[in-house]
Amino acid sequence: MQGMNPLQMIILFLFISVVGIAQQDAMFTKYMFNALPFNPSIAGTTEALDMTLLHRHQWFGIQGAPMTQQFSIHSPIRLAKKNDNASVGGFLSHDQLGFSRTVMAYGVFSYKLRLNNPIEKKNIIHLNLGLSGGISNWSANYEDLQLDNSNDPSFQNLNPNVWMPNFGFGMYLHSRNWFVGLSAPRLLTNPLRSRGVNEPAYNPIAQEFRHYYLAVGGAIEISQDIVLRPSLLIKNVGLFVEKSGDQFVGAPTQFNIDLSVLLLQRFWVGTSFRSSVEVFTSSTSSYDSIDFWFGMRLSNGIKFGLSYDFTLTSLQGPGLGSYEVMLGYDLHRNATDMDGGNVIDPRYLTF
């Protein structure tokens, strides 16, 4: 393509991979504090009105690099001044990558089931089931591209604009000291474009793909003021078998390994490692980044955090890594939960 410098070509390649056969959902280092967009069953698990705003700038320093903003809110439904098993919430998301952007608006509903009745309340196990539904808009602007082949069938529509309704499902099994979450936030595979008249039949068609998330974690109390919190998040596209046109989806399975420490029941310090694994191909797996983050929760319910990702790929050269900023608020954190005790301590927050 004429008129494009090497960095712009990198961004265009990333864009094509995202809408084609790669991971499409935005990634976050502080995913454990904003899990609602990828698991609707999280709604209500903090037993408070919970609001979170996140901004991520990936590979900043590269023009057109991904930027994402998300706002989520959820709360139990309280009837007659008591907590109820049902919870509601929603989230808004804006994701921009090169020439394209995606805007999403979803509502969520979850219901909590108590699975046992132990003597000690800390051993109570709950299962949350959640549903989400909403709509997203994907658009792009290719008018500034100078193409070597003006008849390239992939760029016949220079201003695509697609509305895509969708729904998702999630499960969240948890106690005071551990959790397991499984979800698929978007189950429909909406097309982003149709095959052109002169386009070869073997070309993949850009579309949404199902993303599956598995998250596990726990809390290890060293003392009253020191709690270790290891967690693992695995994200996969299509369970290795989904197809785009006549081609199988080839996205690698991505995982985050995270270890954080809660100090004095107020300060979070954490580090994580993000990588991807090619399960059924001979391609080399990649090491994506090493991440560092800090968070703090004030006694009035305000919480904030910062993170930085040191990129382990060649993008660390033209880019300067990635960063995130998180701001949130928990209302009625000092309320009483439906089991008669205090609400879930922040050391055991979902994800």
Side-chain angles (χ1 to χ4, degrees), residues 30-52 72-91 106-133 167-185 212-221 227-234 258 260 262 265 268 297 301 303 328-351:
K30 298 181 70 62
Y31 63 88
M32 67 288 293
F33 293 118
N34 190 40
L36 191 70
F38 64 83
N39 192 337
S41 63
I42 296 304
T45 51
T46 59
E47 299 292 351
L49 174 61
D50 189 292
M51 295 177 285
T52 303
S72 64
I73 181 171
H74 61 91
S75 173
I77 300 175
R78 291 182 169 88
L79 302 175
K81 298 183 179 180
K82 291 184 178 180
N83 289 355
D84 196 81
N85 290 331
S87 300
V88 295
F91 68 89
Y106 274 68
V108 303
F109 173 84
S110 74
Y111 193 83
K112 180 169 67 175
L113 302 172
R114 181 167 172 169
L115 300 185
N116 64 345
N117 189 27
I119 297 176
E120 296 187 26
K121 292 180 180 179
K122 67 179 182 179
N123 296 324
I124 295 174
I125 298 176
H126 288 109
L127 174 64
N128 285 47
L129 303 175
L131 292 172
S132 64
F167 68 96
F169 174 75
M171 298 182 294
Y172 182 68
L173 183 68
H174 59 103
S175 73
R176 187 173 184 266
N177 294 86
W178 55 267
F179 66 84
V180 178
L182 180 65
S183 63
Y212 300 91
Y213 293 82
L214 173 65
V216 296
I220 304 172
E221 297 186 47
V227 179
L228 297 181
R229 194 171 186 280
S231 63
L232 170 67
L233 175 67
I234 300 175
D258 184 273
S260 57
L262 177 65
Q265 301 187 27
W268 287 97
R297 180 180 174 274
K303 56 185 179 179
Y329 181 66
D330 297 328
L331 183 64
H332 301 314
R333 172 65 71 180
N334 295 322
T336 301
D337 68 16
M338 66 180 300
D339 296 313
N342 291 330
V343 296
I344 301 174
D345 190 281
R347 75 188 71 183
Y348 311 118
L349 285 179
T350 54
F351 294 107

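Side-chain atoms of Leu173 and Trp178, non-hydrogen and from C-beta on, do get closer than 4.5 Å to each other. The closest side-chain heavy-atom distance from Ile220 to Val227 is not below 4.5 Å. For the pair Ile124/His126, a side-chain contact is recorded, criterion being any heavy-atom separation below 4.5 Å from C-beta on. Under the 4.5 Å side-chain criterion, counting only non-hydrogen atoms from C-beta, Thr52 is in contact with Asp50.
For Ser87 against Ala43, the heavy-atom pair with the smallest separation is CB-O, 3.4 Å. Residues Ala35 and Ile42 come closest through the heavy atom pair CB-CG1, 3.9 Å. Among all heavy-atom pairs drawn from Phe91 and Pro37, the shortest one is CE2-CA, 3.6 Å. Taking both residues in full, the closest heavy atoms of Ser41 and Tyr172 are given as OG-CB, 3.2 Å, listed atom of the first, atom of the second, then distance. When every heavy atom of Pro76 is checked against every heavy atom of Ala48, the shortest pair comes out as CD-O, 3.6 Å. Heavy-atom minimum distance, Trp268 versus Ser260: CZ3-OG, 3.5 Å.
With hydrogens and angles disregarded, a donor-acceptor distance shorter than 3.5 Å links the side chain of His74 to the backbone of Gly44. At distances below 3.5 Å, at least one donor-acceptor pair connects side-chain atoms of Ser183 with backbone N or O atoms of Phe38. Judged by distance alone, with hydrogens and angles left aside, the side-chain atoms of Asn116 form no donor-acceptor pair with the main-chain N or O of Pro118 at under 3.5 Å.
Atoms CG and CG, on Asn39 and Asn128 in that order, are 9.0 Å from each other to the nearest 0.5 Å. Distance check: Phe169 CZ to Leu131 CG gives 6.5 Å after rounding to the nearest 0.5 Å. The line from CG of Leu115 to CG of Leu113 is 6.5 Å long, rounded to the nearest 0.5 Å. Here CZ of Phe179 is found 5.5 Å from OG of Ser231. Values are rounded to the nearest 0.5 Å.
Counted by atom type alone, Ser175 and Asn177 present zero donor-acceptor pairs between their side chains at under 3.5 Å.
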Check the pair Arg229 / Glu221 against salt bridge (charged side-chain N to carboxylate O under 4.0 Å, His left out), numbers first and verdict last. CA-CA 9 Å; Arg229 194 171 186 280; Glu221 297 186 47; over 6 Å; no
Might you work through the side-chain contact (heavy atoms from CB on, under 4.5 Å) test for Ile125 and His174, ending with a clear yes or no? CA-CA 6 Å; Ile125 298 176; His174 59 103; over 6 Å; no
Ile73 and Leu49: side-chain contact (heavy atoms from CB on, under 4.5 Å), yes or no, with the steps? CA-CA 7 Å; Ile73 181 171; Leu49 174 61; 3.8 Å; yes
Give the intermediate values and the outcome of side chain to side chain donor-acceptor pair (under 3.5 Å) for residues Ser72 and Asn34. CA-CA 7 Å; Ser72 64; Asn34 190 40; 2.7 Å; yes
Between Asp258 and Leu233, is a side-chain contact (heavy atoms from CB on, under 4.5 Å) present by the stated rule, with each step listed? CA-CA 8 Å; Asp258 184 273; Leu233 175 67; over 6 Å; no
Can you check side-chain contact (heavy atoms from CB on, under 4.5 Å) on Arg176 and Asn123, steps first, answer last? CA-CA 7 Å; Arg176 187 173 184 266; Asn123 296 324; over 6 Å; no
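Salt-bridge check for Lys112 with Glu47: passed, with a basic side-chain N closer than 4.0 Å to an acidic carboxylate O.
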